[in-house]
Number of protein chains: 2
Amino acid sequence: MENIPKISDAEWQVMKVLWEKSPITANEIIARLEDEQSWKPKTIRTLINRLVGKNAVGFDKDGRQYLYYPLLPEADCVRDEARSFFGRMRAGVLKPMLAAFIEQQKLSKDEIEELKRMLDR
Amino acid sequence: MENIPKISDAEWQVMKVLWEKSPITANEIIARLEDEQSWKPKTIRTLINRLVGKNAVGFDKDGRQYLYYPLLPEADCVRDEARSFFGRMRAGVLKPMLAAFIEQQKLSKDEIEELKRMLDR
DNA sequence: TTAGATATATTACATATGTAATCTTTCTTT
DNA sequence: AAAGAAAGATTACATATGTAATATATCTAA
């Protein structure tokens with residue numbers, strides 16, 4: 001695997017939007033984030049540009065607008081974050097947390113089977 | 001539950017040591033971290049002091065040494081981190097995350113069985 | 001064709017973080 | 001008692017991050 005650049009907390013929100021739908025314009029990103037976040041449009045543009053600088057996001061020109069899209073697979077980034085997250089915790093505290101998480105998620109039968117298969121490895 | 005201060009990545013390593021055993025001296029913290037981390041003793045002292053500044057760690061004087069101990073419950077910090085971690089992810093990316101978890105943790109047979117039982121709910 | 005409007009580019013600035021080194025105060029050991 | 005060792009306090013400094021504002025280029029409407 002390549003080295004995935006560090007994506008900050010705020011930048012993750014932008015990536016989430018792009019993984020949901022892309023390519024999209026900066027204004028669409030802004031529109032999708034303004035409900036949940038209290039960021040000014042300029043702030044969001046800064047985040048987008050930083051992600052471009054990190055090669056996490058690319059764009060094509062469409063007239064004088066840009067159409068942005070993610071350059072990194074979501075699964076890779078998630079895996080990376082998870083690894084660092086789990087790396088911070090001591091082993092003992094993870095199981096209860098994971099238990100709560102699994103309970104909270106509604107998993108399909110298929111997903112459950114797949115998880116069990118992963119556990120068997 | 002008060003407002004838990006932000007604990008950085010590096011600071012987490014110090015907190016882990018303190019949750020494992022406390023109160024302990026700075027030198028003991030350093031000794032326990034030097035195997036895993038490649039930090040200089042001074043670096044670790046800086047981290048300790050920052051944690052003290054954040055009221056995440058307290059100390060008692062023992063002669064001219066200090067004995068440090070955590071001021072924050074591990075469970076609270078873990079919950080906080082987990083919340084922020086899950087907040088970054090879109091729903092449906094659970095599987096890669098679990099893959100990382102399973103890979104990272106060395107789970108015993110018992111633990112695997114326990115997780116499978118949880119999945120069977 | 002000219003003044004907005006609008007998109008992107010550049011600049012700003014405080015705080016956080018990683019990563020230490022140097023300074024000061026005490027203990028110890030000759 | 002003086003010098004060196006050791007603990008803690010203070011200072012350092014580059015990069016990251018949150019959070020924008022200002023500058024510039026370009027399109028559009030009057």
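You'll find the side chain of B:W19 stays beyond 4.5 Å of the side chain of B:P73, heavy atoms only.
Note: CG (B:L51) to P (C:dA16) measures 14 Å, nearest angstrom. As rounded to whole Å, 13 Å separates atom P of D:dA20 from atom CG of A:L33. One interatomic measurement links the two molecules: CD of A:Q37 to P of D:dA20, which rounds to 11 Å at whole-angstrom precision. For B:W39 and C:dA20, the CH2 to P distance is 10 Å, given to the nearest whole Å. Remark: C1' of C:dT6 and OH of A:Y66 are 13 Å apart, rounded to the nearest angstrom. Rounded to whole Å, atom C1' of C:dA7 lies 14 Å from atom CD of A:E28. If you measure from atom CZ of A:R45 to atom C1' of C:dT11, you get 16 Å, rounded to the nearest angstrom. We find that NZ of B:K40 is positioned 16 Å from C1' of D:dA12, with the value rounded to whole Å.
With distances taken from any side-chain atom of A:R64 to the nucleotides C:dT19, D:dT17, C:dT6, the minimum falls on C:dT6. Listed candidates were C:dG18, C:dT17, C:dT8. Nearest to the side chain of B:K6 is C:dT17.
Note on B:T25: every side-chain N or O is 4.0 Å or more away from OP1 and OP2 of D:dA7. In this structure, A:Y68 does not reach the C:dA7 phosphate: none of its side-chain N or O atoms is under 4.0 Å from OP1 or OP2. Proximity of B:N27 to the phosphate of D:dA7: a side-chain N or O atom is located under 4.0 Å from OP1 or OP2.
Atoms OG and CH2, from A:S84 and B:W12 in turn, are 11.0 Å apart once rounded to the nearest 0.5 Å.
When each of A:I4, A:I7, A:N3 is tested with A:D80 by the rule side chain to side chain contact (heavy atoms under 4.5 Å, CB included), just one qualifies, namely A:I4.
The residue among A:T43 and A:I7 whose nearest nucleotide of DNA chain D lies closer to the 5′ end is A:I7.
If you check every strand for non-hydrogen atoms under 4.0 Å, A:K54 touches sugar and phosphate atoms only.
You'll find a donor-acceptor pair under 3.5 Å spanning the side chain of A:T46 and the base of D:dA20, going by distance alone. With hydrogens and angles ignored, no donor-acceptor pair under 3.5 angstrom links the side chain of B:K42 to the base of C:dT19. A donor and an acceptor atom sit less than 3.5 Å apart, one in the side chain of A:R50 and one in the base of D:dT19.
Salt bridge A:K6/A:E11: absent, no basic N to carboxylate O contact under 4.0 Å.
Between A:F86 and B:F85, the ring-plane angle classifies as tilted under the 30° and 60° cut-offs.
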